[in-house]
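Report on the structure given below.
So you know, we letter chains A, B, ... as the sequences are listed, proteins then strands, and number each from 1. Not measured: the values here are computed from a predicted model. Quick note: numbers below take in every heavy atom, side chains included, and nothing from hydrogens, waters or symmetry partners.
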Amino acid sequence: MSDSAVRVRYGPSPTGEPHIGNIRTALFDWLLARRHGGQFIVRIEDTDQARRVEGAEEGILEALRWLGLDWDEGPDIGGPHAPYRQSERLPLYREAAERLVAAGKAYRCFCSPDRLDAVRKAQQQQKLAPGYDRHCRNLTPEQVDAAAADGPGVVRFAMPREGTTVVEDALRGAVEFRNELLDDHVLLKRDGFPTYHLASVVDDREMRISHVIRGEEWLPSAPRHVAQYEALGWAPPIWVHVPIIRGADKGKLSKRHGATSVRAYAEQGFLPEALLNFMALLGWSKDESTTIMSRAEMVEAFSIEGLGLASAMFDLERLSEMNARYIRALSPANFLERGRPWLEAAVGREVDLGRLLPLAPSIQERVKLLPELVDYADFFYAEGALEYSNEELMGRGYRGKPWAALEALEAALRLLRGLEGWDAAGLEAGLRGLAEERGEKPGALFTPVRVAVTGKRIAPPLFETLEVLGREATVGRLNAAAERLARPDD
RNA sequence: GGCCCCAUCGUCUAGAGGCCUAGGACGCCAGCCUUUCAAGCUGGUAGCACGGGUUCGAAUCCCGUUGGGGCCA
């Protein structure tokens with residue numbers, strides 16, 4: 001197979017937000033395409049009219065864009081095999097179904113839902129494998145005409161009754177299925193829309209798809225697809241059924257495991273690079289030691305052979321850790337810019353990020369998720385009094401001794417008011433000197449200052465914080481703290 | 001229940017018969033560093049599901065068991 005023949009597709013259904021498990025197959029599609037200089041195609045599989053959700057298609061494309069998975073052909077940009085929405089390709093499916101019917105490889109079925117129900121119940125009672133009983137498979141042309149007068153019915157595929165169908169899976173080799181265990185599945189529904197089975201096969205063929213990468217949950221229906229390729233006289237694509245992603249309870253990852261949509265992760269402050277890197281490592285690995293990889297490195301190293309067979313568990317802890325590493329690797333300016341939406345939402349107005357720049361690196365190494373920037377920076381933009389208790393203010397060093405804390409704050413105040421210059425180094429030298437002079441541990445003195453100035457016990461490094469805050473605001477906040485201490489606690 | 005897939009530290013994985021006394025990463029534990037919190041550094045903890053084969057030799061191959069998962073209902 002030549003590289004240029006690699007054509008892969010991502011076929012999401014517009015039924016909601018794109019799911020992590022689902023989008024990971026898109027990532028593998030994309031990686032394979034880019035690795036071999038092939039094409040990555042987005043095809044909207046909207047044949048289930050009932051489950052269609054307004055706006056879902058745009059959400060899917062947006063998720064792909066956010067992750068940086070660009071496509072070469074798709075519903076929005078078209079391409080040589082347009083249209084890329086299955087609902088707009090109905091004639092193709094009908095034609096294929098008719099061809100199969102004409103060849104005796106498929107047939108029209110007029111069984112009512114009630115009858116199907118009854119058949120299923122009877123099978124259950126007799127502990128037989130459930131499935132369509134092929135009632136309409138051998139209708140005479142006269143019978144078909146008569147039945148068709150009452151409605152079009154459905155078209156079913158006439159599965160071979162004997163022998164086996166082999167699915168040649170690129171990861172597991174030959175997987176055999178006994179044909180007698182496969183019932184005659186529906187190809188064309190009563191409403192004239194195709195089922196997944198028909199539409200995906202027809203489209204994959206028409207779009208010249210070389211590799212079908214999809215979740216393992218499709219393996220049981222793969223023999224149906226193989227049989228259809230045979231019946232239509234087409235060569236099947238290379239099948240790649242990738243392991244499912246599981247939640248913490250080992251079951252298939254789904255909504256009940258919490259956030260699963262790409263959008264939800266974006267909103268929680270995960271970086272697309274981190275999510276991408278994390279997803280790639282769920283079921284694939286570059287070598288024995290690499291865990292952090294750029295998109296380009298992933299593309300260069302990707303191969304189907306590198307995919308594993310065991311399903312992997314989605315570990316949020318790992319994703320968070322990876323996100324933290326990616327955040328630390330960001331340039332300070334870029335980091336602030338990415339955190340801006342959360343900071344501005346918290347502060348309630350537009351914010352000048354420039355002044356935070358000197359502090360950004362030390363915030364970056366304290367943050368796992370973008371919104372945590374708020375905890376380390378909102379006090380710079382606070383206008384009124386900060387919220388904290390006297391207990392927090394005193395810290396461990398002056399616990400239960402407000403007078404001592406007050407004294408310390410006043411000493412700090414005197415020092416800072418008269419300090420020459422206002423930079424982190426000078427502030428550190430001054431405050432350290434003061435602690436030494438007073439014969440106490442630096443930490444004891446620094447805590448009241450930190451809380452007074454930030455309103456929190458956990459904050460960015462103190463001296464840089466003071467530098468950024470400026471003398472006026474610092475002195476103001478220390479004064480406010482001293483006044484609080486002078487009053488009895490309430 | 002039937003069919004199918006899978007099985008290495010808690011988690012993600014490396015390993016394609018001797019390089020394995022099973023490697024890396026996350027987590028966890030301990031220590032160092034330290035103005036809070038982090039980050040960083042050092043060390044440690046922990047695994048080839050089980051039983052049979054095949055072979056001079058098996059985490060690696062075969063069979064079975066067990067376990068987990070998926071699909072159909």
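Summarising the base pairing, B:U65 is matched to B:A49 through a Watson-Crick or G-U wobble pair whose two defining distances lie under 3.5 Å. Nucleotide B:A73 forms no Watson-Crick or G-U wobble pair with any nucleotide shown, as no partner meets the under 3.5 Å limit on both distances. In this structure B:U55 sits in no base pair that meets the Watson-Crick or G-U test at under 3.5 Å. Base-pair partner of B:G31: B:C41 (Watson-Crick or G-U wobble, both distances under 3.5 Å).
Exactly one residue among A:Arg161, A:Arg224, A:Arg137 makes a salt bridge (charged side-chain N to carboxylate O under 4.0 Å, His left out) with A:Asp184. That residue is A:Arg137.
Place A:Tyr376 and A:Glu321 on RNA chain B by their nearest nucleotides, and A:Glu321 ends up nearer the 5' end.
Side-chain nitrogen and oxygen atoms of A:Thr447 include none within less than 4.0 Å of the OP1 or OP2 phosphate oxygen of B:U36. For the OP1/OP2 pair of B:G40 and a distance below 4.0 Å, the side-chain nitrogens and oxygens of A:Arg328 include at least one atom meeting the criterion. Using a 4.0 Å cut-off, no side-chain N or O of A:Arg246 falls inside it from OP1 or OP2 of B:G68. In terms of phosphate contacts, A:Lys121 brings no side-chain nitrogen or oxygen within less than 4.0 Å of OP1 or OP2 of B:A73.
Each of B:A38, B:C4, B:A39 was ranked by its minimum atom distance to the side chain of A:Arg366; first place goes to B:A38. Looking at the side chain of A:Ser289, the nearest of the listed nucleotides B:C71, B:G24, B:U11 is B:G24. When each of B:C5, B:A7, B:C12 is scored by its nearest atom to the side-chain atoms of A:Glu216, the top-ranked nucleotide is B:C5.
Counting non-hydrogen atoms under 4.0 angstrom, A:Leu282 reaches the backbone sugars and phosphates but no base.
Note: A:Tyr229 and A:Trp239 have perpendicular aromatic rings, judged against thresholds of 30 and 60 degrees for the angle between ring planes.
A salt bridge is absent between A:Asp29 and A:Arg34; no separation between the charged side-chain nitrogens and carboxylate oxygens falls under 4.0 Å.
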